[in-house]
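Data first, discussion second: the structure below is written as structure tokens.
In what follows, chains carry the letters A, B, and so on, assigned in the order in which the sequence lines appear, proteins first and then strands, with residues in each chain numbered from 1. Predicted model only: the values in this text are computed from it and were never measured.
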Amino acid sequence: MNSSNSEKASLPQRNEFWKLVFPWVLTALFLLFLPVIFASNSALTIMNQMAITIIFALAYNMLLGQGGMLSFGHAVYMGVGGFMCVHVMNYVEINSAPLSLPFLPIFGGLFGLGLATLVGTFSTRSAGTVFAMISLGVGELIAACSLIIVAFFGGEEGVSADRTYMRPFFEIEFFTQIEVYYLTSVWLLISALLMYLFSRTPIGRMANAVRDNPERAEFLGYSARWVRYYSFCASGFFCGIAGALFAINFEILTEENLNLATSGSILLVTFLGGVGVFFGPIIGAVLFTLLQTVLGLYTELWQLYLGALFLATVMFFPQGFAGVLVSHAPAARNGRLGSLFIPYVKMAAPSAVCLWSVAGLAELLFHARHAALGEEEMVYFGINMLSTSVIPWTVFGGLAVISFGICRTVAPSVLEAWDKAITPKGMAQ
Amino acid sequence: MSAALKLEGLTKSFGKTAVIMGVDLEIAKGERHAIIGPNGAGKSTLFNLITGRFPQSSGAVYLHGRNLLGLAPYQINRLGLSRSFQITNIFLRMSVFENVRCALLWSKGYKYSFWHMVGRARDLSEGAEAILEDINLIERRDAPAGMLSYAEQRALEIGITIAGGADVIMLDEPTAGMSHSETEYIVGLIRKVSENKTLVMVEHDMGVVFGLADRISVLVYGEIIATGTPEEVRANPKVQEAYLGTALEAEH
């Protein structure tokens, strides 16, 4: 009797356990077999870059999404971790110290943590504007130092190292890109898992509480400042790991890894993906890296499109891509997810045409203004056209206006379908 | 009986404006004490001084004989004093359950731990469930706190306040802005959760005050003009003159 009772009690717990472990196992398998599909060196490089950005964005979201701290200078924690790792690599090379490459990220993490423990003592005193301003100041300060303290930061050329001079790791010397990919993936998995688990600990929960209401947290026995400080340090640690992986992948770090542009872009990545959900920054990082590398191959205007995407996200989907996905949960619970498919297609088709033609106009304008003198021909999605001719301008302009009009007429019916889908069955009207 | 809470010559000025002008008060262990007074008498300020939200200008606050001078709110809370707020002060984006669980963390000894998983801690989830049971919010367990009705939010506020197991509980206008039936629900709740504990509350609703309190202090313009049992306070001519007159006549 007793034993059957305890079995019953442990069954849901075991289910819970698998629910927790299953996505991670799936991710690990996914990472393991990804190179089978994308085997080229350039694809591997993009995937490595993605992994680094994911770790960085997740670490950044420990502050922004979970702790309510907006940092404008977070690149320095990744950057300093990376710089230190380059020096560690060089030290190992010169002194043939016993250190293998796969363990280097631990050092990066510790250096990021070290810097965060110092800066955090005064920056986490309060959240909000004060924190944002201090983070901006510290970011600028360290970025400026990189041009002054040449011995450490290497001035404008930066510092470089050779990863293959580290001690071989089970005969692996990391000459090939695929070896580096697996090293990066393992660290991605470890870091993401640890950050996820951190959010489930007492301090991680209290980070949320302090974000929502620091004063109330104080009256529950927690110092809001210490809670912020611990989150800040943890974030610094994982930023350092990202920095180390950057050092391993690119074998060079420059001022660019510390400056405000990098700090700004990680805010963009995180926000794009969604700050409210743990996996949000992952989506943001994947999307951002794709836009940057793949779109960057096709057009010089990729930053314009990225900026427009960011603006649209802030204005229409402040919860980011992950937020949009999560908002479909009620519809899924009602079993009405399928009913949204046709309305979405109806909306997506004219939207795509609209975007395509507006982007066409942007490309025409860019070509007309910046192409070499006398060069009039340009290619857009495989179509040849003359940027000086009136025809493409009229076609794109007309298409944009018409498709926008269609979007506006379709929108109400899509909204209606949405409202219907998220209303529980039996509660109609 | 030793005093759970003792105020000695407590004063507070904001610039040149004196708000609290020398308050002396002793509240015994296990007592239910109400502080009443007209609007602007300094009741909430007194609360904020006791709980360390503002620093006092002079005087002292003793919790179980220990001087609280210079301690931050979180340190005072760890010594066993917990408070609620006049304006609902909860974690709006977290679920009801999460709100209560966070309120349990420190007292269950988890501190700033980053090696425990809260989801696996039985004492936390069972403790939080028990408190939700007490405050009648078990059915709203997974709703975001921001989505609760006003009365439910007030109940959650009380739940968070008592969760840490503090033995001195201070409630700032727990029934403010409530309908008659909601007030009854909250009064029943307060009676239940304040058993064997010291309760200090600010309240405007005289029905609540006279129904709940063992002793009452009347605060007028930053001074306590009378302290005593409900009957004594009711009979006190100074009180009647200053504040209670109309309310008491209406009751008789």
N213(A) and N89(B): CA distance, side-chain angles, deciding distance, side-chain contact (heavy atoms from CB on, under 4.5 Å) verdict: CA-CA 8 Å; N213(A) 194 339; N89(B) 214 342; 2.3 Å; yes
Shortest non-hydrogen contact from A209(A) toward C102(B): CB-SG, 4.2 Å
Heavy-atom closest contact (L92(B) atom, D212(A) atom, distance): N-OD2, 3.7 Å
Could you list which of [range] have a heavy atom closer than 4.5 Å to any heavy atom of chain A, in residue-number order?
{"range": "residues 150-169 of chain B", "result": "E157(B), I160(B), T161(B)"}
{"range": "residues 51-59 of chain B", "result": "T51(B), R53(B)"}
{"range": "residues 186-198 of chain B", "result": "none"}

Would you say [atom1] of [X] has more than 12 non-hydrogen atoms from neighbouring residues, nucleotides or ligands within 6.0 angstrom?
{"X": "W226(A)", "atom1": "CH2", "result": "no"}
{"X": "F107(A)", "atom1": "CZ", "result": "no"}
{"X": "L26(A)", "atom1": "CG", "result": "yes"}
{"X": "F14(B)", "atom1": "CZ", "result": "yes"}

Which portion of Q75(B) sits near chain A, non-hydrogen atoms under 4.5 angstrom: neither
CE-CG distance between M117(B) and L197(A), expressed to the nearest 0.5 angstrom: 4.5 Å
Between CZ on residue F114(B) and CD1 on residue I203(A), distance to nearest 0.5 Å: 9.0 Å
Residues of residues 214-225 of chain A near chain B, each having a heavy atom less than 4.5 Å away: E215(A), R216(A), A217(A), E218(A), F219(A), L220(A), G221(A), Y222(A), S223(A)
Derivation of the side-chain contact (heavy atoms from CB on, under 4.5 Å) call for M94(B) and R205(A): CA-CA 10 Å; M94(B) 294 165 34; R205(A) 299 282 84 200; over 6 Å; no
Side-chain heavy-atom pair Y112(B), V227(A) within 4.5 angstrom cut-off: yes
Best-contacting candidate, Y110(B), W115(B), F91(B), against chain A by heavy atom pairs under 4.5 angstrom: F91(B)
